[in-house]
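Only one structure is covered here, and it is reproduced in the block below.
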Amino acid sequence: MSAHPGSAQTAPEPQQLSLLQGFPATARPAGGPPLAADRPVARVLIESPLPHLDRPFDYSVPAELDEDAQPGVRVRVKFSGQELGGYILDRVEESDAGQPLVPLHKVVSPVAVLTMPLQELAGRVAARYAGTVSDVLRVAIPPRVVKVEKELAGAEPAGPPAADHDLSGSGWTAYRNGAAFLRHLASGGSPRAALSALQGFGPDGWPRLVAEAVAAVRASGRGAVVVVPDYRDLDRVQAALEDILPADDVARLTADDGQSPRYRNYLRVLKGSAGVAVGTRSAAYAPVQNLGLVVCWDDGDDLHVEQRSPYAHSREVLLLRAEQEGAACLLAGHARSTEVQRLVDAGWAMPVEAERTVLRRTVPRVLNTADSFEQERDPLARLARLPGAAWRTAKEALERGPVLVQVARAGYAPSLACETCREPARCPSCQGPLAIAGSAAVPQCRWCSTPAPEWRCGHCNGTRLRRGAAGVLRTAEELGRAFPGKPVVTSSGQNVKATVPDACALVVATVGAEPVAPGGYAAALLLDGDSLLRRENLRAGEDAVRRWFNAAALVRPFADGGIVVITADDTAAVGALLRWDPAGYARRELGLRAELQLPPAVRVAAVTGGSTAVGHFTASATKLLAAEGVELRVAGPAPLLQTARTDSEDVRTLLFIPYAQAATVTRVLRAAKAAGAAKRTEDPVQLRLDGVDVL
């Protein structure tokens, strides 16, 4: 395959090809630059989002670029009259293009940022998600910063740190199979474990467990990659790692830090100056040398899903990488996702859980205000947002320390309805939902931000509004009146706090934005549980359980007065929290989905776009699959629900894929997408595999 002067958007015309054929592969036009004497052909992957260009193109290597044009470096090439970026994948003696090759335009940087293992991993990720290698590398490799390359030009790789940390008293000993897992890592083995961590605060919290696992693998002379959902988790894990390992051995990789720090740490890992990479999604691709361990914390968090094509999940990237490089794998969290439970049931990962005796000493007591005992004491508990048991618990706990209050919605009153007919209040301009930002604020559209001071109901002509769900700000206002004299702290939206002091205060936070109290919360009130469970999503129960466990793990043990109150109907999800049994809930949920053949028991592909384009793509793909002897369960096409101000009429078709046929199906879907993009005969479609928000 070779570069050619055809269009970058389409394949070259037959007339163009005929003019270029018949020349030796390494020949150059008259007057062209002299070529490199050794391996004069460079195979280049062009940076392009077009699926049909997701393949290597051959270019000749001018003699003047011979020294710098090595595999893995960034280059600029001429392609169809344009100058595009790319990476050299390999250097070979001859090309099979059968035509004269266009020379490389220039080498952008002599630093080989694309290693062979990363090249292979990018190919595996692209194949799994039916995407392009170029899109994967865009996420994996940070943008170049010239100043940083000059700073690190003479840096020497560092050896593994001395194994001077004593792991005999590790917190892993409190978990069944924990000590064995740590010993296996330290001896150079590659075990695979699913950890159900108990505590989320203090010196024995989950960051310490992750750091000790990394220290064990570093003691064996190998490297590690740790991926967490957001910057708050990243700060805690980094601090725990640097408390055990030399600070220079830890490299932080996250786009939130800016281009220069991210690229500097990427090069440190690449050169071997740092043996541990810790960060958010893109850190899963960090080029750690002699990789021995990959760690994913809280894989159920949707922040692990890349928001750009091919929408890869960092858990799956790490699983592919562990298999490719023979590394150990640790999937850890307070709760357990159904995907991890599937790996445990298959015997791929070993469960690491605390014994019940240890669990009782470590976790808080959990109380449900909707159970029969509490209902007899307080018959109105189901109707009250803050039942009597929750109020009494908060009042008593505020004398001992901070109290966490978890709510489902941000803002003040995120939904409004007509006082007369109870119909949702809509914006007169765009029909978006109305909300109130404060007690004295004017109703405003959440879509177009248009104020509606003189709103009138389109159904009954009413003019009075009633507040629906209470947001975090309104909840904080109400709690401030309920507990006079006690400070109220909020954490939500753009004002998320990482930590709060151990002072006696109410901390009101939206789900996922709970700050950490260094000494643990005296109590936690989990409000709006029914709202979380009623979300129209296949993972509503699983996600609610994960959020409840994450919040409950921030509370002190029951022996120290810790108590958690949940205000939700008595369901299987609530029962899992009451028993502190996240694995049992994941096992039950996975069993139900296996019966219904729903993810993660099967894989799912979502094809989204215009009705005609989706129909053509689905028909083409199913025809190709039929030729391969594969028949899939197809749902759709169905119109997308309007969730924002838009005139789109897109539809979506779902393809349910058994794991045994997944490799064949993804290959065919990838080929069908590339063929459609090359023809340019219809609107493009979006292809997503295993999207967590699809069902």
Side-chain angles (χ1 to χ4, degrees), residues 129 194 196 227-230 281 296-307 311-317 319 331-345 349 406-410 510-514 526 528-553 566 568-569 571-577 581-606 608 633 635-636 638 640-641 643 652 654-657 659 662 688-695:
Y129 286 95
S196 298
V227 180
V228 295
D230 61 21
R281 293 185 299 262
C296 183
W297 169 256
D298 197 12
D299 68 290
D301 196 317
D302 57 9
L303 291 177
H304 278 295
V305 181
E306 180 58 49
Q307 299 303 303
Y311 313 103
H313 195 295
S314 56
R315 175 194 60 238
E316 303 303 321
V317 176
L319 291 177
L331 302 170
H334 295 303
R336 183 179 293 176
S337 68
T338 49
E339 285 82 2
V340 173
Q341 184 61 41
R342 176 178 165 271
L343 297 176
V344 172
D345 288 350
Q406 184 193 71
V407 297
R409 306 289 292 274
T510 51
V511 287
E514 301 89 354
L526 308 182
D528 305 331
D530 291 330
S531 297
L532 292 175
L533 293 173
R534 282 197 295 262
R535 289 189 306 119
E536 294 182 357
N537 189 286
L538 175 67
R539 298 175 181 269
E542 179 183 347
D543 194 47
V545 167
R546 183 183 65 83
R547 295 180 185 278
W548 292 339
F549 272 98
N550 286 351
I566 182 168
D569 289 339
T571 62
V574 175
L577 181 64
D581 184 21
Y585 180 81
R587 192 177 304 112
R588 175 185 182 275
E589 189 74 6
L590 180 62
L592 291 174
R593 295 194 204 168
E595 290 181 12
L596 300 173
Q597 287 298 285
L598 292 173
V602 296
R603 298 188 62 190
V604 61
T608 308
R633 181 161 57 103
L640 293 182
L641 295 176
T643 57
R652 173 175 291 164
L654 301 179
L655 308 176
F656 295 91
I657 309 167
Y659 278 91
R688 287 188 64 188
L689 274 86
D690 304 323
V692 296
D693 58 344
V694 170
L695 295 173

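Residues Asn537 and Asp693 bring no donor and acceptor atom of their side chains to less than 3.5 Å of each other. Residues Arg652 and Thr608 bring a donor and an acceptor atom of their side chains to less than 3.5 Å of each other.
Within the 4.5 Å cutoff, the side chain of Phe549 has no heavy atoms near those of the Arg336 side chain. Side-chain contact check for Tyr129 versus Glu316: some heavy-atom pair is nearer than 4.5 Å. Between Gln406 and Asp528, the closest side-chain pair of non-hydrogen atoms is not below 4.5 Å. Contact of the Leu331 side chain with the Leu343 side chain is registered, since non-hydrogen atoms from C-beta on lie closer than 4.5 Å. The shortest side-chain heavy-atom distance between Asn550 and Asp298 falls under the 4.5 Å cut-off. Counting heavy atoms from C-beta on, the side chains of Val227 and Trp297 never come closer than 4.5 Å. With contacts defined as side-chain heavy-atom distances shorter than 4.5 Å, the pair Val511/Trp548 does not qualify. Looking only at side-chain heavy atoms (C-beta outward), Leu577 and Ile566 come within less than 4.5 Å of each other.
In terms of heavy atoms, Asp299 sits closest to Arg315 at OD2-NH1, 2.7 Å. When all heavy atoms of Ala335 and Pro582 are compared, the pair lying nearest together is CA-CB, 3.7 Å. Minimum interatomic distance between Leu538 and Pro599 (heavy atoms only, all atoms of both residues): CD2-O, 3.8 Å. Pairing each heavy atom of Ala594 with each of Ala601, the nearest pair is CA-CB, 3.6 Å. Across every non-hydrogen atom of Ala635 and Phe656, the tightest pair is CB-CE1, 3.9 Å. Summarising the geometry of Ile657 relative to Ala662, their closest heavy-atom pair is CG2-CA, 3.7 Å, with the distance given to 0.1 Å.
In this structure, CG on Leu533 lies 8.0 Å from CG on Asp569, to the nearest 0.5 angstrom. In this structure, the separation between CG on Leu598 and CZ on Arg633 is 6.0 Å, given to the nearest 0.5 Å.
A side-chain donor-acceptor contact under 3.5 Å links Asp301 to the backbone of Leu303. Here the side chain of Tyr311 pairs no donor or acceptor atom with the backbone of Asp690 at under 3.5 angstrom. With Ser337 contributing its side chain and Val340 its backbone, the two residues share a donor-acceptor pair below 3.5 Å. With His334 contributing its side chain and Arg547 its backbone, the two residues share no donor-acceptor pair below 3.5 Å. Formation of a donor-acceptor pair under 3.5 Å by the His304 side chain with backbone atoms of Cys296 is not found in this model. A donor-acceptor pair is defined here as one N or O able to donate and one able to accept, closer than 3.5 Å; no such pair exists between the side chain of Gln341 and the backbone of Glu339.
Considering only residues two or more places apart in sequence or on other chains, Glu542 meets the salt bridge (Lys or Arg N to Asp or Glu O under 4.0 Å) condition with Arg539, Arg593.
No option in Asp302, Leu689, Val305 other than Val305 meets the side chain to side chain contact (heavy atoms under 4.5 Å, CB included) test with His313.
Ion pairing between a basic and an acidic side chain is recognised when a charged N comes within 4.0 Å of a carboxylate O; Asp543 and Arg546 show such pairing.
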